[in-house]
Amino acid sequence: MGVILATSRSFSDGDVDLVALAHAAGHEIVRGPAHHGLTELAPLLAAADGWIAGTGPVTDDHLAAAPNLRVIARYGVGTEAVDLDAALRRGIPVTNTPGANADAVADHAVGLMLAALRHISDGDRRVRRGDWSVRRGRELGAATVGIVGFGRIGQGVARRLSGFGARILATDPFLPAAVIADAGAEPADLDDLFRTADVITLHAPGGRTLVGAARLDGIRPGLILVNTARPDLVDEPALAEALRDGRLGAYAADTLDGDTAASASPLLADDLADRVTVTPHLGAQTTQAVDNMGSMSLDDVLAVLAGRPPLHPVSPRL
Ligand SMILES: NC(=O)c1ccc[n+]([C@@H]2O[C@H](COP(=O)([O-])OP(=O)(O)OC[C@H]3O[C@@H](n4cnc5c(N)ncnc54)[C@H](O)[C@@H]3O)[C@@H](O)[C@H]2O)c1
Ligand SMILES: O=C(O)[C@H](O)COP(=O)(O)O
């Protein structure tokens, strides 16, 4: 009997009983904390044969504490928090769940766009204080929307936006322009996209700042920026400044720097509440995506524990 440690927030919380599936394959699921420090995880890692990991860190120190570990399955897409080189050095394969949450996150990104364009969360807050005054919005169909990162989620957003009639620009350094054009978007470089778009939505992996102070100087006044990818893609103090001086019209994000410690973010200042909408990293939290991420990550762990290659391996970054 193997031990599979699950530290993702919602493993087996959907319609499919993945704990029973693991048990039928002869393994026990042990739950661990999602935002984990090494101290709290070490005793669980010591017994783990497989690890279904959320968005928390997976460092060489975590791996050193897991002498029996044979596979790390990222429950989700982004692998920024996983030390892929350390896993490679230790001969532990890393997997992820490409596409498992693409529809969920694309829906959420469009939802955040509409929330910002039509002042939906601000309107709700105002009504609760008895303020029924009108704040005029803009229509998505009349907007030029720039998509940064044209992978599974970015393309899902483009499909949805075509139904609204929006003009769609997209940039992705790893995709030929023809692929972008075939998917119904106009290929653009990052600078052009920031100069032209009314709404920009980020769908590239984290790991570098794409939107800093310099980038915010050349934007269309009133730009709406949506971020369902990773908080480190943006410079939060620079965004707060651009929101205050009116260059940026609104910021709508599914995560803030530090996530659980987000109350420290300059974007949560009271004077920005009418221009900032934040959700607590719930883009992938739908029943469908939770089942997809859980099934794909469990399949990978079961394959490796049975001596087979994983189905969704991640390559170390070059
Ligand atoms: N909010 C959430 O819950 C949630 C859920 C899933 C994924 N994500 C984030 O969204 C990201 C995208 O997910 P996906 O499923 O579309 O991944 P994907 O791998 O299918 O697509 C990512 C795309 O980004 C492109 N890219 C890489 N570097 C870029 C850059 N510098 N500029 C522009 N494009 C670049 C890649 O070429 C690729 O096409 C993930 O990396 C993850 O960080 C967030
Ligand atoms: O990278 C991802 O796929 C998402 O951020 C989902 O991760 P979660 O397990 O934190 O929802």
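In what follows, residues are counted from 1 in the order of the sequence shown. Counting starts at 1 for both ligands and their atoms, following the listed order.
The shortest heavy-atom distance from Arg208 to ligand 1 is under 4.0 Å. Not a single heavy atom of Gly76 sits less than 4.0 Å from an atom of ligand 1. No heavy atom of Gln155 sits closer than 4.0 Å to any atom of ligand 1. Residue Ala102 places no heavy atom under 4.0 Å from ligand 1.
For the residue pair Thr279 / Asp254, a side-chain donor-acceptor distance below 3.5 Å is found, with atom types taken as modelled. Using modelled atom types, one finds no donor on one side chain facing an acceptor on the other under 3.5 Å when comparing Asp61 with Thr59.
Atoms of ligand 1 lying under 4.0 Å from any heavy atom of Asp254, numbered from 1 in the order shown and given with element: 1 (N), 2 (C), 3 (O). Heavy-atom proximity to Val105, at under 4.0 Å, picks out these atoms of ligand 1: 4 (C), 5 (C), 6 (C). For ligand 1, the atoms lying closer than 4.0 Å to a non-hydrogen atom of Pro173 are 29 (C), 30 (C), 32 (N), 33 (C), 34 (N), 35 (C). Close contacts between ligand 1 and Ala284 involve ligand atoms 3 (O) [criterion: under 4.0 Å to a heavy atom]. Those atoms of ligand 1 that come under 4.0 Å of a heavy atom in Gly149, given as number and element, are 24 (O), 33 (C), 34 (N). Within ligand 1, the atoms closer than 4.0 Å to a non-hydrogen atom of Glu80 are 41 (O), 43 (O), numbered from 1 in the order shown.
Under a 3.5 Å cut-off, the side chain of Arg70 and the backbone N or O of Val304 do form a donor-acceptor pair. A donor-acceptor pair under 3.5 Å is absent between the side-chain atoms of Asn68 and the main chain of Ala47, judged by distance alone. Judged by distance alone, with hydrogens and angles left aside, the side-chain atoms of Arg135 form no donor-acceptor pair with the main-chain N or O of Gly123 at under 3.5 Å.
A salt bridge links Asp217 with Arg247; the closest basic N to acidic carboxylate O contact falls under 4.0 Å. Looking at Arg215 and Asp191, a side-chain N of the basic residue comes within less than 4.0 Å of a carboxylate O on the acidic one, giving a salt bridge. A salt bridge links Arg90 and Asp60; the closest N-O separation between the charged side-chain nitrogens and carboxylate oxygens is under 4.0 Å.
Comparing Val77, Leu282, Thr228, Leu202 against atom 44 (C) of ligand 1, the shortest heavy-atom distance belongs to Thr228. Of the listed options Ala106, Gly151, Pro205, Pro205 places a heavy atom closest to atom 41 (O) of ligand 1. Proximity annotation for atom 36 (C) of ligand 1: of Asn101, Thr55, Asp172, Asp172 comes nearest, heavy atoms only. Of the candidates Ala229, Pro231, Gly154, Ala289, Ala229 brings a heavy atom nearest to atom 9 (C) of ligand 1.
Among the atoms of His281, some N or O lies under 3.5 angstrom from an N or O of ligand 1.
Put simply, the residue from Leu169, Ile200, Leu140 that forms a side-chain contact (heavy atoms from CB on, under 4.5 Å) with Val145 is Leu140. Applying the side-chain contact (heavy atoms from CB on, under 4.5 Å) test between Val211 and each of Leu202, Asn227, Ile219 identifies Leu202 as the sole match.
When non-hydrogen atoms are compared, ligand 1 lies under 4.0 Å from the backbone of His203 (N, CA, C, O) but not from its side chain. Under 4.0 Å from ligand 1, heavy atoms of Ile153 appear from its side chain as well as its backbone.
By the salt bridge (Lys or Arg N to Asp or Glu O under 4.0 Å) test, Arg195 is found to be paired with Asp192, residues two or more places apart in sequence or in another chain being considered.
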